[in-house]
2 protein chains.
Amino acid sequence: MGASKKDFFTDEQNEYAILFRALAHPARVAIVEYLMGVGSCICGDIVSELPLAQPTVSQHLKELKNAGLIRGNIDGNSICYCLEENSFEKLQSYISAISVKLQNKKQICC
Amino acid sequence: MGASKKDFFTDEQNEYAILFRALAHPARVAIVEYLMGVGSCICGDIVSELPLAQPTVSQHLKELKNAGLIRGNIDGNSICYCLEENSFEKLQSYISAISVKLQNKKQICC
DNA sequence: TTTTAATATTGCAATAATACGATAAACTTT
DNA sequence: AAAGTTTATCGTATTATTGCAATATTAAAA
């Protein structure tokens, strides 16, 4: 018991769950907001910005990267991170479709 | 260690993390999509639709409700659930702002 | 009132996520 | 080459999430 039943859901449902899960922590929300403000930066900048140790930040960056929300380019001995536009557009159209449908329907709940 | 450090982040960052967390499971994505399709339904309908036991579905519904993404109205001895428009609009404008900013900047990552 | 129906809650086992010290890996600078 | 800089990985403790059987709760129906 307790094992994930993700195999019983569609690939699309799992993909969106992975994207949302990547944003399901205030530290990762903060990283995204910071990257949105500065455009791009190295890991050390984020470590200075957040109240978290370097390995913890590194792990959060890894999760954002695995989910496809950020990209990291090697730049000398540091790594430059930035937001991945396509993934945010994908999320945007998904949420937007729900939002628009709800506005059009103006449904009453029971 | 391992304790959450949410107190070190802003209220807004925590609020969005809670919303995203509610969608961070394929079962809850499936519930939202189902509710979007049918408008509103009772818990039993979702139990029939998903490959999960009744207590598990009830728990997922509770999480979506706590996050403010769905609403439940008592209807006799059953409970009628539907999507909460405001929360999806809030998510929509948040993601949309990021997406638009990325499109405008056309930034190159390092 | 007894039975049936629909959900929620409890308790527990299994798994996943969070955080960070210690350390490794890789590149720069001296 | 040696030392310094930057980031990733490992190991581990703690906490949170997931899933469901059993049970409780609440309201309708008989």
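The chains referred to below are lettered A, B, ... by the order of the sequence lines, with proteins before strands, and numbering in each begins at 1. All of these numbers come straight from a predicted model, not from anything done at the bench.
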Output yes when B:K90 and B:E15 qualify as a salt bridge under the 4.0 Å nitrogen-oxygen rule, no when they do not.
->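 B:E15 and B:K90: salt-bridged.
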
Are B:K101 and A:F88 in a cation-pi setup, meaning NZ or CZ lies under 6.0 angstrom from the ring centre and within 45 degrees of the ring axis?
->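 Not flagged: B:K101 not positioned over aromatic ring of A:F88.
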
Test: A:K6 cationic atom under 6.0 Å from A:F9 six-membered ring centre, within 45° of axis |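 No, A:K6 and A:F9 do not form such a contact.
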
Taking only N and O in the side chain of [X], is any of them less than 4.0 Å away from OP1 or OP2 of [N]?
| X | N | answer |
| --- | --- | --- |
| B:Y81 | C:dA8 | yes |
| B:H25 | D:dG19 | yes |
| A:K62 | D:dT7 | no |
| B:H60 | D:dT17 | no |
| A:S58 | D:dA8 | yes |

With no angle test and no hydrogens, is the base of D:dT5 tied to the side chain of A:N77 by a donor-acceptor pair under 3.5 Å?
->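 Yes, the side chain and the base share a sub-3.5 Å donor-acceptor pair.
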
Between the base of D:dA8 and the side chain of A:Q54, is there a donor-acceptor distance below 3.5 Å?
->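 Such a pair exists between side chain and base.
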
Distance in angstrom units between [X] [atom1] and [N] [atom2], rounded:
| X | N | atom1 | atom2 | result |
| --- | --- | --- | --- | --- |
| A:I31 | C:dA19 | CD1 | P | 10 Å |
| A:D75 | C:dA26 | CG | P | 18 Å |
| B:I42 | C:dA5 | CD1 | C1' | 10 Å |
| B:E63 | C:dT7 | CD | P | 18 Å |
| B:L50 | D:dC20 | CG | P | 11 Å |
| B:E49 | C:dA6 | CD | P | 17 Å |
| A:I46 | C:dA19 | CD1 | C1' | 17 Å |
| A:R71 | D:dT7 | CZ | P | 17 Å |

Take A:I74 and A:R28, find for each the nucleotide of DNA chain C with the closest heavy atom, and name the residue whose nucleotide sits nearer the 5' end.
->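 On the 5' side of the pair lies A:R28.
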
Within a strict 4.5 Å, meaning less than it, do heavy atoms of the A:Y16 and B:V32 side chains meet?
->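 In short, these two side chains do not touch, never coming nearer than 4.5 Å.
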
Assign A:L61 to base, sugar-phosphate, or nothing according to its heavy-atom contacts below 4.0 angstrom with the strands shown.
->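 Nothing, no nucleic acid heavy atom in range.
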
Side-chain donor-acceptor contact under 3.5 Å, A:Q13 with B:E33 |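 Yes, side-chain donor-acceptor contact under 3.5 Å.
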
Would you indicate which nucleotide in [options] comes nearest to any side-chain atom of [X]?
| X | options | answer |
| --- | --- | --- |
| B:I79 | D:dT18, C:dT7, C:dA19 | C:dT7 |
| A:C43 | D:dA8, D:dG19, C:dG21 | D:dA8 |
| B:L52 | C:dG21, D:dT7, D:dG19 | D:dG19 |

Given DNA chain D, 5'-ward residue of the pair A:K65 and A:R21, judged by closest heavy atom |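 Taking each residue's closest nucleotide, the earlier one in sequence belongs to A:K65.
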
Residue closer to the 5' end of DNA chain D, A:T56 versus A:K6 (nearest nucleotide) |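 By nearest-heavy-atom nucleotide position, the 5'-most residue is A:T56.
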
Measure from the side-chain N and O atoms of B:S78 to the backbone N and O of B:I74, and report whether any donor-acceptor pair falls under 3.5 Å.
->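 Judged by distance alone, no pair lies under 3.5 Å.
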
